[in-house]
Amino acid sequence: MSDTSIVGVTFITKAEGIILEHIADEQFGVSELAAAMSMSRSTLLRNIKKNTELSASQFIRQVRLQKGMEMLQQTSMTVSEVSYRVGFGSTSYFIKCFREQYGYPPGEVGKGTIEVEGEQLRLNYSKLYRWPLIAAAFVILLVVSFFILSKKDTVQSLKLEKSIAVLPFKNESNDITNLYFVNGLMESALNNLQKIEALRVISRTSVEKYRNSKKGIPEIAQELNVSYLVEGSGQRVGDQVLLNIQLIEVATDRPIWVEQYSRKVDDIFALQNEVAKKIADAIEATVTPAELEQIAKKPTDNLIAYDLYLQGLDFFYTRTDESLKQAIELFEKAIEEDSEFALAYANIAISYYLLEMSKTDKQYTEKINNYADKALLYDSKSAQSLNAKAFYYIQTKEYQLALPHLEKALEYNPNSSLAVQMLADFHFRLVPNTDKYLQYALKGFQLNVSSDSVTQSYTCLQLSNALVSSGFPDEALKYINKSLDYNSEDYFAPHLKAFILFAIDGNIERTQNLLLKEWYKDTTRLDILQDIAKLYYIQEDYDTAYFYFKKFVKERERGGLDIYVQENIKIAMVYSKMGLEEEAEVFFEEFSEYCEADHSTYRNVNLAWKYAYEGKIDKAVEELKLFSETENYLYWFLLIEDEPLIKRLKSHSEFEGIMQRIKDRFWENQTQLKSSLEEKGLI
């Protein structure tokens, strides 16, 4: 072994020993390790990088995880207990990191099913650079992500000519316990119609508010923006089902199809299918053979199981923790009656996800996975089964695996508001694609026309962000104001509104003040903090930018977070301007690694920044030229010519022409898109 490698081993051994001495201290991070080893932070970062190919925060986390593995193998402590003993303040974050490090959850250790390698496992860099953010990252990516906008596909998706809402059915029985059965009839009618792509079917949450409404048909139809309404009433008497149903054409305010049914309970599935087909025929909606097959599918042959399932649905849609637990209990009883009841399995998985989706400590991950797998086993073409599995992958942050499940769910149920909302968020936040983001945001807004205030606030927020990203700031402002009207306490809307106003008039001082106001409300918000720093960076106020970037870097390292790596080039620039060349070099190296791993549409933009930082002007301009040849990009990219690093390219003879091509191409596409959206009355 060479002297150099011996020194490296000694350094790493010493660093590991110090970390282990402070293993339970969640606050022990990079700065604390550097101080304990009597060296500067930049020297520590450089030495760790040289000897492990990891960043300092990754190295510290790896030592914590290895100690956690040791404790799980040698003690009887729970996963939660171990996570806190090795310095993780969040058990769910420990589970996530453990899975990334070893390829399986910590709960599997000690079960005799895992063969643990003796050697140290490296972190998977493809996972490190995946967006590992929860909803708090929603608005942040507004100014740093670049999406692809394809006007043709978007416009095609907006051709929704036939629209219908199924109003809550009335219980004609004096027995209040009969309500769940009547709700089940309404639910089945809604679900079957949702499977028809030629229809726009308003979501269940949007119509629920009209259950006891005294509003007339014209007013309800106007609020829901639909052409047809379905009204129904029913009851169960012994083994008989009595159902009255009518389809109302809004334009004439008259029924165009009315039917009264008296069937045996045994015929309930045939009845539900018949109702859907009759409604589709009455409004002349095209129903494909594949859709007919989906409509005709029986959820179960066991009527006792189905009855228990319907009882569970009432609790399932109430969405409180207590009601979800009651729903799970009833769905499990349904499975006891029919062990192949896919919908029951799927809704149990979704219920477990909803129970802890906003909680830090995740306890139901494996249950979600197991029930979702059972749902898919017994019905792989069920939208609910596919949504359930997607929820599992979102819970484990395996986003690329969630995407095909969501897309397939929407294929089998083209009006699933759940799948639409998830896909919109997915294509903004996790796998950016402006075309699909705008498509799903618009569709989500149409399906959730009159939901509860929180849901409606979110759909308006989503649509607003999609519009400003596509170059429609005035329209975006209208919807962000609606979002705040629905929910003035919305966590993300003020952040987004600050940038929409900036897109309208370019007032950067007001943008800074608005962001600072939001940050002072919650100084833990790294999304706003890094945006504030960038605004000062853009103005070349490096002293103030450094003040905020330093806070951001410290919190990022303290939490061991691999987020906003793409911003390290700006941080490097600021640190360099402050004379902190060693730290700046570390940030630049991390950004360079990010560029090497980046195979997205934005690779050329990132390389332009990299070469500009290095002073390689010709190479930077060449990368910018390559980007200008792409078909579509985010509105915010038009503003980068005054960004400090890109300004270095202005002296190049081709720069002005390249930027003009970028602007011309964007606005040509935007003009065509605007014309199509106006034609459809969408803006």
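Note that these values count all heavy atoms, side chains included, but never hydrogens, waters or copies made by symmetry. None of the values given here were measured: they were computed from a predicted structure.
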> Would you indicate whether Lys297, at its atom NZ, is surrounded by more than 12 heavy atoms from other residues, nucleotides or ligands within a distance under 6.0 Å?
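Result for NZ/Lys297: enclosed.
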> Determine whether the side chains of Gln311 and Asp307 contain a donor N or O and an acceptor N or O closer than 3.5 Å.
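Side-chain D/A pair, Gln311 to Asp307: present.
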> Kindly determine whether Ser464 and Leu496 satisfy side chain to side chain contact (heavy atoms under 4.5 Å, CB included), including the steps that lead there.
CA-CA 9 Å; Ser464 175; Leu496 175 57; 4.0 Å; yes
> Under a 3.5 Å cutoff, is there a donor and acceptor pairing between the side chains of Gln670 and Ser470?
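There is no such pair between these side chains.
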> From the options Tyr352, Tyr371, Phe315, Phe316, select the one residue that forms a side-chain contact (heavy atoms from CB on, under 4.5 Å) with Ile328.
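The residue from Tyr352, Tyr371, Phe315, Phe316 that satisfies side-chain contact (heavy atoms from CB on, under 4.5 Å) with Ile328 turns out to be Tyr352.
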> Going through the distances and angles, do Ile283 and Leu199 end up as a side chain to side chain contact (heavy atoms under 4.5 Å, CB included)?
CA-CA 10 Å; Ile283 60 181; Leu199 293 178; 3.3 Å; yes
> Any side-chain heavy atom of Asp301 sitting closer than 4.5 Å to one from Asp338?
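Heavy-atom side-chain distance check fails, nothing below 4.5 Å.
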> Does the structure place the NZ or CZ of Lys389 under 6.0 Å from the centre of the six-membered ring of Tyr393, at an angle of no more than 45° from the ring's axis?
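Verdict for Tyr393: a cation-pi partner in Lys389.
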> With heavy-atom distances below 4.5 Å as the criterion, would you say the side chains of Asn192 and Gln272 are in contact?
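Contact flag for Asn192/Gln272 side chains = yes.
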> Working to the nearest 0.5 Å, report the span between CG of Leu229 and CG of Leu247.
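The CG atom of Leu247 is 8.5 Å from CG of Leu229, to the nearest 0.5 Å.
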> Measuring from Tyr210:OH to Glu219:CD, what's the distance to the nearest 0.5 Å?
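It comes to 8.0 Å.
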> Within the structure provided, determine whether Asn171 and Ser233 are in side-chain contact (heavy-atom separation under 4.5 Å).
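Heavy-atom side-chain distance check fails, nothing below 4.5 Å.
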> Could you verify whether a donor N or O on one side chain and an acceptor N or O on the other, from Glu322 and Thr320, lie under 3.5 Å apart?
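The criterion, which ignores hydrogens and geometry beyond distance, is not satisfied for Thr320 and Glu322.
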> Are a donor atom and an acceptor atom from the side chains of Gln326 and Ser323 found within less than 3.5 Å of each other?
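There is no such pair between these side chains.
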> Does the side chain of Gln246 pick up a donor-acceptor pair with the side chain of Glu259 at under 3.5 Å?
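No - no donor-acceptor pair under 3.5 Å links their side chains.
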> So which heavy atom on Ala419 is nearest to which on Leu406, and how close?
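The pair with the smallest heavy-atom distance is CB-O, 4.3 Å.
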> Rounded to the nearest 0.5 Å, how far does OG of Ser457 lie from CG of Leu484?
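Leu484 atom CG to Ser457 atom OG measures 6.5 Å (nearest 0.5 Å).
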> Quick check: closest heavy atoms across Lys264 and Gln240, and the distance to 0.1 Å?
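Heavy atoms only, the tightest pair is CG-OE1, 3.3 Å.
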> Using a strict threshold of under 4.0 Å (side-chain N to carboxylate O), is an ion pair present between Lys374 and Asp379?
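Judged by the 4.0 Å cut-off on N to carboxylate O distance, Asp379 and Lys374 do not form a salt bridge.
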> Take Leu343 and Ser382, measure what side chain to side chain contact (heavy atoms under 4.5 Å, CB included) needs, and give me the verdict at the end.
CA-CA 8 Å; Leu343 278 175; Ser382 161; 4.1 Å; yes
> Which heavy atom of Val265 sits nearest a heavy atom of Gly238, and at what distance?
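Heavy-atom minimum between the residues: CG2-O, 4.2 Å.
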> Between Glu337 and Leu308, is any pair of side-chain heavy atoms under 4.5 Å apart?
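A side-chain contact exists here, since the closest heavy-atom pair is under 4.5 Å.
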> Does some side-chain heavy atom of Asn369 sit less than 4.5 Å from a side-chain heavy atom of Gln395?
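No, every pair of side-chain atoms sits at 4.5 Å or beyond.
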> Return the minimal non-hydrogen interatomic distance between Tyr479 and Cys460, and the atom names on each side.
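In terms of heavy atoms, the two residues are closest at O-CB, 3.4 Å.
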> Hey, do the aromatic rings of Tyr309 and Phe341 have their centres closer than 6.0 Å?
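Under 6.0 Å, so yes.
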> Write down the atom of Ile217, the atom of Glu231, and the distance for their closest heavy-atom approach.
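Shortest heavy-atom separation between Ile217 and Glu231 comes out as CD1-OE2, 3.6 Å.
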> Looking at every heavy atom in both Arg200 and Asn415, which two are closest together, and how far apart are they?
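So the two residues come closest at CA-OD1, 3.4 Å.
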> How far does CD1 of Ile268 sit from CG of Asp239, to the nearest 0.5 angstrom?
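Rounded to the nearest 0.5 Å, the CD1-CG separation comes out at 12.0 Å.
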> Would you mind reporting whether Val230 and Leu167 have side-chain heavy atoms less than 4.5 Å apart?
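Leu167 does not reach Val230 side chain to side chain.
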> Is the shortest heavy-atom distance from the side chain of Leu242 to the side chain of Tyr261 under 4.5 Å?
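No; the side chains remain at least 4.5 Å from each other.
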> In terms of ring plane angle, is the pair Tyr306 and Phe269 parallel, tilted or perpendicular, where the classes change at 30° and 60°?
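Tyr306 vs Phe269 ring planes: perpendicular.
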> With a 4.0 Å cut-off on N to O distance, would you call Lys408 and Glu411 a salt bridge?
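Yes, charged N to carboxylate O under 4.0 Å.
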> If I take atom CG from residue Leu386 and atom CG from residue Leu410, how far apart are they, to the nearest 0.5 angstrom?
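CG of Leu410 is found 11.0 Å from CG of Leu386.
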> One thing to verify: whether Glu223 and Lys215 come together as a salt bridge, which I'm taking to mean a side-chain N less than 4.0 angstrom from a carboxylate O.
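Salt bridge between Lys215 and Glu223, a charged N being under 4.0 Å from a carboxylate O: yes.
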> Is Lys278 salt-bridged to Glu274, cutoff N-O under 4.0 Å?
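Salt bridge flag = yes for Glu274 with Lys278.
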> Any chance the side chains of Gln384 and Asn347 put a donor and an acceptor closer than 3.5 Å?
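There is such a pair between these side chains.
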> Using the rule given for side chain to side chain donor-acceptor pair (under 3.5 Å), can you reason through Ser416 versus Gln194, listing the C-alpha separation, both sets of side-chain angles and the distance that settles it, and then say yes or no?
CA-CA 7 Å; Ser416 170; Gln194 285 180 332; over 6 Å; no
